[in-house]
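Naming: A, B, ... by sequence-line order, numbering from 1 per chain.
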Amino acid sequence: MKITQSLFVTLKEEPADAEVRSHALMVRAGFIQQIAAGVYVYGPLMWRVLRKIERIIREEHDKAGCQELLMPALQPRELWEESGRWERYVADKILYHFTDGRGREVCLGPTHEEVITKFVKGKLNSYKQLPQTLYQIQTKFRDEMRPRFGLMRGREFIMKDAYSFDADAEGMASSYAAMREVYRNIFSRCGVRFTPVEADPGAIGGAGSEEFMVDADTGEDAIAVCRTTGYAANVEKAVSRISAPPEPEAEVAMHKEPTPGAKSCEDLEALFPDLPIERMLKTILYRATWLDRAQVVAVLCRGDREINTIKLQNHLDCLAVELADEKTVKAATGAAVGFAGPIGLGEDVLLLADQSVEGVKGFLCGGNETDMHYLDVHFGRDLEQPSTQEFGVVQAGDTTVDGEGTIEITRGIEVGHIFQLGSKYSEAMDCRFADLEGKLQPFQMGCYGIGVSRTAAAAIEQGHDEAGMIWPLPIAPFHVMLIQMRAGDEAQDALAQELYDSLQEAGVEVLWDDRKGRPGGKFKDADLVGLPMRVVVGRDAAERKVEWKLRTDEEAEVISADEVLPRMIEALSQAGI
RNA sequence: CGGGGUGUACCUCAGUGGUAGAGGGGAAGCUUUGGGAGCUUCCAGUCGCGGGUUCGAAUCCCGUCACCCCGACCA
């Protein structure tokens with residue numbers, strides 16, 4: 001492609017509202033343009049990247065025996081009533097839904113479990129037809145409360161979603177395992193560094209799930225990893241062993257003391273410098289809501305630990321958990337926020353405890369009275385120890401559950417998520433097949449997603465420098481930038497044309513900067529767009545000499561024009577293209 | 001949804017009540033040609049929208065919409 005014949009427009013200035021590099025660079029390089037919050041045009045160069053990612057996805061899925069199809073984005077409410085998800089998705093305000101011209105309620109699909117289940121119902125009738133995995137690549141719609149970071153979190157985005165159907169749990173597990181390999185292959189081929197992690201299945205439901213995280217410090221997700229044991233989990237899901245609390249020097253009777261203004265552990269540490277934070281117990285009040293009711297929940301937790309509300313929500317099996325507001329706290333404790341404790345809580349408050357409180361003796365806790373705390377409290381002696389669960393957030397330095405290693409916290413961008421759904425949707429939607437004995441059984445399903453547009457953004461987040469993007473060869477919009485220093489110079493025109501033709505003929509994708517411009521601008525644009533290879537046809541064109549440089553190289557090398565093609569073929573074959 | 005911020009040319013922004021501005025960009029020309037060169041001329045705006053105050057509003061007031069950030073939330 002010649003630049004003079006294409007829509008190639010770059011900006012010198014950074015967009016003011018771009019917070020992350022991938023967003024800023026994509027806007028500057030003309031890859032995307034925002035149309036509304038979280039809604040973008042994918043320009044010609046961006047679309048080439050997306051199509052390459054899609055192609056890798058298709059090849060790997062097809063190789064694994066999956067079949068591509070295309071489902072509608074527009075979906076009727078009734079379908080979502082069948083699975084029971086309409087209420088939850090509407091309550092979460094994530095669903096784009098509206099009433100059409102004839103009064104029918106519809107939504108724009110945020111995901112397609114309902115449609116796929118409806119589709120296979122009556123088509124997959126026998127165990128003999130199983131297993132099957134179907135997939136599509138399609139635009140998804142989610143009314144994110146806060147779209148951000150360019151393509152990282154949009155309200156409309158391109159996703160690959162796949163669904164597997166098996167006769168039993170073992171079959172599902174093996175479909176799932178196969179898909180895990182497909183995912184590893186896809187992200188490896190895309191040329192991004194990634195970490196598969198254990199994950200919380202969230203609203204999709206089901207038993208097991210794993211996320212594929214592109215390693216990036218700017219990622220929205222925190223990951224707990226252990227270099228020794230290989231453990232890797234999203235912190236939403238991660239579990240760990242924590243250090244034992246220090247023992248009190250002497251057993252003292254419980255007593256209440258004034259702690260004016262001390263609402264946080266920090267305040268209390270200042271007030272009681274001799275009391276280690278591990279012997280302070282926080283009592284955090286939440287408001288949990290179900291479809292038909294709400295409940296105030298108090299969770300005890302060691303002072304140096306945090307509560308993971310996802311684990312709490314899963315334990316309570318409720319729709320939402322949010323921090324209790326001031327009014328609720330006052331009603332439950334009779335005190336201002338910051339003085340809640342397990343002793344003398346309101347009758348209707350459900351008291352739970354994180355496992356971090358186990359073995360803590362002689363601790364401090366809120367007095368349920370403004371400006372008062374209890375000290376030297378002992379479970380068993382002063383109050384009964386509530387049953388404990390793991391509700392805590394894993395922290396750097398914790399020990400892995402097997403005791404073999406230490407946990408670090410890193411960050412990543414979630415580009416893929418795979419789930420073992422089980423029969424959640426097939427049961428709800430009465431989607432069954434006949435087994436060996438002719439009995440009707442619900443399918444065991446799995447579902448598997450890849451954020452296609454997000455993967456492109458993540459690749460930039462991982463590959464860029466001051467000057468611009470640095471694309472991995474397999475998903476770069478073009479393989480090589482051919483820069484001609486002076487358009488109109490006879491020798492350069494001829495050599496550039498010759499190289500352009502021969503490379504194209506060999507299947508190398510060339511972007512030829514044939515503009516009548518000054519060299520500086522061309523170099524800047526080449527760096528910004530970040531094609532992996534660069535060839536400069538300049539002053540030595542008459543001697544058939546050109547400059548060769550990889551985007552990641554510091555210095556260019558002068559080589560014969562005849563060496564260009566072999567070098568590129570070599571680079572492409574190394575990248576598996 | 002709570003808190004904060006911003007809306008002025010295609011882009012980045014300046015402009016505290018008195019004729020609408022700069023830089024980038026685009027067009028034309030001269031000079032220049034290995035890391036965003038210089039000069040000249042030109043193009044480009046219902047100052048987000050609606051109301052109000054005023055002789056006069058981009059500027060002050062009220063409302064509204066959009067976008068951005070923090071938080072909550074999130075396959």
Side-chain angles (χ1 to χ4, degrees), chain A residues 9-20 23-24 27-28 30 33-39 85 88-89 91-95 109-113 140 142-150 152-155 157 159-163 199-206 209-212 220-221 234 236 286-287 289 309-310 313 319-326 414-421 424 446-451 454 466-468 483-489 492 515-528 534 536-541 546-547 549 556 558:
Chain A
V9 182
T10 58
L11 301 176
K12 283 186 184 173
E13 278 158 317
E14 288 273 306
D17 52 8
E19 289 294 308
V20 296
H23 185 196
V27 171
R28 270 194 64 202
Q33 183 174 322
Q34 184 173 40
I35 294 301
V39 178
R85 283 207 295 184
R88 173 160 186 173
Y89 273 67
D92 285 350
K93 294 199 173 71
I94 206 166
L95 196 66
T111 173
H112 282 70
E113 282 79 9
K140 293 282 187 282
R142 291 186 196 174
D143 192 1
E144 292 287 347
M145 287 180 192
R146 190 144 95 81
R148 61 188 131 174
F149 303 149
M152 289 295 176
R153 182 164 297 274
R155 295 190 295 166
F157 56 96
M159 176 173 242
K160 185 284 311 184
D161 46 325
Y163 306 88
D200 181 88
I204 293 287
S209 92
E210 281 167 89
E211 290 166 335
F212 289 77
E220 287 190 89
D221 288 280
N234 192 312
E236 292 175 353
Y286 293 95
R287 198 182 133 84
T289 47
T309 51
I310 297 197
Q313 181 174 346
L319 287 178
V321 166
E322 54 190 349
L323 269 180
D325 58 24
E326 212 169 310
E414 179 193 348
V415 290
H417 200 159
I418 59 178
F419 304 81
Q420 296 191 43
L421 289 176
K424 175 174 170 172
C447 78
Y448 316 91
I450 291 179
R454 188 187 274 183
E466 284 297 297
I483 300 182
Q484 183 179 347
M485 300 306 298
R486 292 188 65 159
D489 176 286
Q492 292 189 22
R515 293 176 295 184
K516 283 189 165 56
R518 293 175 60 87
K522 299 188 179 191
F523 286 128
K524 292 286 185 197
D525 276 344
D527 288 344
L528 176 62
R534 191 184 85 183
V536 178
V537 173
R539 49 175 99 104
D540 301 329
V546 300
E547 224 175 73
K549 179 180 162 317
V558 176

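The nucleotide whose nearest atom lies closest to any side-chain atom of A:Glu19 is, among B:rC74, B:rC69, B:rA75, B:rC69. Comparing B:rG36, B:rG34, B:rA75 against the side chain of A:Glu414 picks out B:rA75 as the nearest. Among the nucleotides B:rC69, B:rC67, B:rG24, the one closest to the side chain of A:Glu13 is B:rG24. Distances from the side chain of A:Asp17 to the nucleotides B:rG36, B:rU12, B:rC68 place B:rC68 closest. In this structure, the nucleotide among B:rG34, B:rC70, B:rC74 sitting nearest to the side chain of A:Arg146 is B:rC70. Checked against B:rG36, B:rA75, B:rC74, the side chain of A:Arg153 finds its nearest nucleotide in B:rC74. The side chain of A:Arg148 sits closest to B:rG71 out of B:rU12, B:rC67, B:rG71. For A:Lys524, the listed nucleotide lying nearest its side chain is B:rG35; candidates were B:rU33, B:rG35, B:rC67.
Under the Watson-Crick or G-U wobble criterion, with both distances below 3.5 Å, B:rG34 has no partner in any strand shown. Judged by Watson-Crick or G-U wobble contacts below 3.5 Å, the nucleotide B:rG2 has B:rC70 as its partner. Pair check for B:rA57 finds none; no Watson-Crick or G-U wobble contact set falls under 3.5 Å. The partner of B:rG63, taking Watson-Crick or G-U wobble pairs whose two distances both stay under 3.5 Å, is B:rC49. Across all strands shown, B:rC11 is found opposite B:rG23 as a Watson-Crick or G-U wobble partner, with both distances under 3.5 Å.
B:rU54 sits 12 Å from B:rG18 when the C1' atoms are compared, rounded to a whole Å. Rounded to a whole angstrom, the distance from the C1' atom of B:rG23 to that of B:rA14 is 10 Å. With C1' as the reference atom, B:rG17 and B:rU53 are 12 Å apart, rounded to whole Å. For the C1' atom pair drawn from B:rG24 and B:rA37, the interatomic distance equals 15 Å after rounding to whole Å. Here the separation of B:rG51 from B:rU46, taken at their C1' atoms, is 16 Å to the nearest Å. The separation of B:rA20 from B:rA9, taken at their P atoms, amounts to 15 Å, rounded to a whole angstrom. Comparing the same atom, P, in B:rC69 and in B:rU33 gives a spacing of 45 Å after rounding to whole Å. Taking atom P in both B:rU19 and B:rA57, the straight-line distance is 12 Å, to the nearest Å.
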(message) One character per nucleotide, please: for nucleotides 25-31 of chain B, 5' to 3', B when the base has a protein heavy atom closer than 4.0 Å, S when only the sugar-phosphate does, - otherwise.
(response) S------
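Residue A:Lys424 contributes atom NZ, which lies 10 Å from atom P of B:rA75 at whole-angstrom precision. Going from atom NZ of A:Lys516 over to atom C1' of B:rU32 covers 15 Å, rounded to whole Å.
Residue whose closest nucleotide on RNA chain B sits further toward the 5' end, between A:Glu14 and A:Arg515: A:Glu14. Between A:Ala36 and A:Pro110, the residue anchored closer to the 5' end of RNA chain B is A:Ala36, taking for each the nucleotide with the nearest heavy atom.
In this structure, A:Lys140 reaches the bases: a heavy-atom distance under 4.0 Å links it to at least one base atom across the strands shown. A:Glu211 comes within 4.0 angstrom of nothing in the nucleic acid, heavy atoms only. A:Val27 comes within 4.0 angstrom of no nucleic acid atom, judged by non-hydrogen atoms across all strands. As judged by a 4.0 angstrom heavy-atom cut-off over every strand, A:Glu220 is placed among residues making no nucleic acid contact. Base contact: A:Arg28 has a heavy atom under 4.0 Å from a base atom. Nucleic acid contact class of A:Arg287 (heavy atoms, under 4.0 Å, all strands): none. Residue contacts for A:Gly521: at a heavy-atom cut-off of 4.0 Å it reaches a base atom on one of the strands shown.
Note on A:Arg153 versus A:Glu220: salt bridge recorded, some NZ/NE/NH1/NH2 to OD/OE distance being below 4.0 Å. The pair A:Glu113-A:Arg85 counts as a salt bridge, with a side-chain nitrogen and a carboxylate oxygen less than 4.0 angstrom apart.
Other residues, nucleotides and ligands contribute over 12 non-hydrogen atoms within 6.0 Å of the CZ atom of A:Arg148. For A:Glu14, the CD atom sits in a packed shell: over 12 heavy atoms of surrounding residues, nucleotides or ligands are nearer than 6.0 Å.
Remark: the A:Arg142 side chain and the B:rC74 base include no donor-acceptor N/O pair separated by less than 3.5 Å.
With sequence neighbours left out, A:Met485 forms a side chain to side chain contact (heavy atoms under 4.5 Å, CB included) with A:Ile483, A:Gln492, A:Pro519, A:Phe523, A:Val536.
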